[in-house]
Each structure stands twice: as structure tokens, then as C-alpha cells.
Amino acid sequence: MLSAWHRPDTVANIELNTRADGWFHVGAYLTLALGVGLLWRATTVAGRRPHPDTFIAGLLLGGGGFNLLEGTINHLLLGMHHVREGPNAATYDIVFLLSALAILSAGAMIWPGRR
């Protein structure tokens, strides 16, 4: 995260932070697409697909769990960056973490065998 290294106090630094964040997201989306492709291929080879509840619950558990872990470590513990910099940054971070917890909880409730 370049945001912690280059203060957003000049136009050049803001552009650098934005470009770096953009490339990070491109890499994350490519990794996600690769993972879905590998999952699709594995289920085709196995000859069966998981129940949609399992797939949806897995997405929610993975996404919510990642955001909860990343938000707790990077936002709260290390203070590397915040959901929104400036006044009330901690409020935005807490709302982000509560949202991640809600997504994680929804995945746990949907998970087959939990109902």
C-alpha cells in the first residue's frame, strides 16, 4: 500500500497513490478470476458442482473474513490506511468492520448444515 509511504499532500502523490491502488485492484480481480476459473475446472473434472448455497456461503465467508482481517490489521492495528482519510476516519473504519462482520455472519448462516 503506497498510501502509507506517500502522503497525499501533492497532486503527484495523490496520482501515485491512485495509480498504485488501481493496479492493486487489477491484480486482485485477476487473482479472483483465476480462482473462479480453477474452481470451475475442478468441479467439471470431478463431474459435480457444489450446491449454490455452498458457493454463495463460501463467497460471503471469504469476502467478509478477508475484509474483517485486513481491516482489523491494516486499519486499526497498523494504521496503514483508512476507509476514508480525514476527520472521522475511525468511524468509517468501524462501519467497514461491522459490514464485514455482517457479510461473514450471512455466509455462516447460509452454509449448508447450519440451518
Co-members of Val45 in a cluster of I, L, V, M, F, W and Y side chains, linked at under 4.5 Å: none
Please write out which residues are connected to Tyr29 in a hydrophobic cluster, directly or through intermediates, given that two of Ile, Leu, Val, Met, Phe, Trp, Tyr count as joined at side-chain heavy-atom separations below 4.5 angstrom. none
Is there side-chain contact between Trp111 and Thr54, with heavy atoms separated by less than 4.5 Å? yes
Could you report the tightest heavy-atom contact between Gly107 and Ala57, atom names first, then the distance? O-CB, 3.5 Å
Test side-chain hydrogen bond (donor to acceptor under 3.5 Å, both in side chains) applied to Thr44 - qualifying residues, sequence neighbours left out: Arg49
Pairs where residues 56-78 contributes a residue and the test ring-ring contact (aromatic ring centres under 6.0 Å, His included) is met, not counting sequence neighbours: His75-His81, His75-Phe96
Would you check if Leu76 and Leu97 make a side-chain contact, meaning some heavy-atom pair closer than 4.5 Å? yes
Once you round to the nearest 0.5 Å, how far does CG of Asp93 lie from CG of Asn74? 10.5 Å
Contact summary for Leu61 and Ala108, nearest pair of heavy atoms: CD2-N, 3.6 Å
Applying a strict under-4.5 Å side-chain criterion to I, L, V, M, F, W and Y, I'd like to know whether Trp23 and Leu30 cluster together. yes
Compare every heavy atom of Asn67 with every heavy atom of Ala100, then report the nearest pair and how far apart it is. CB-CB, 3.7 Å
Please determine whether residues Leu101 and Leu59 belong to a single hydrophobic cluster, defined as Ile, Leu, Val, Met, Phe, Trp and Tyr linked transitively by side-chain heavy-atom distances below 4.5 Å. no
Atom pairs and distances, donor-acceptor, side-chain atoms in residues 31-41, under 3.5 Å, two or more places apart:
residue	atom	partner	partner atom	Å
Thr31	OG1	Gly27	O	2.8

Approximate separation, where rounding is to 0.5 Å, of Ser99 OG and Ile94 CD1: 11.0 Å
Can you sort out the partners of Ile103 under side chain to side chain contact (heavy atoms under 4.5 Å, CB included), two or more places apart, ordered by chain and number? Leu60
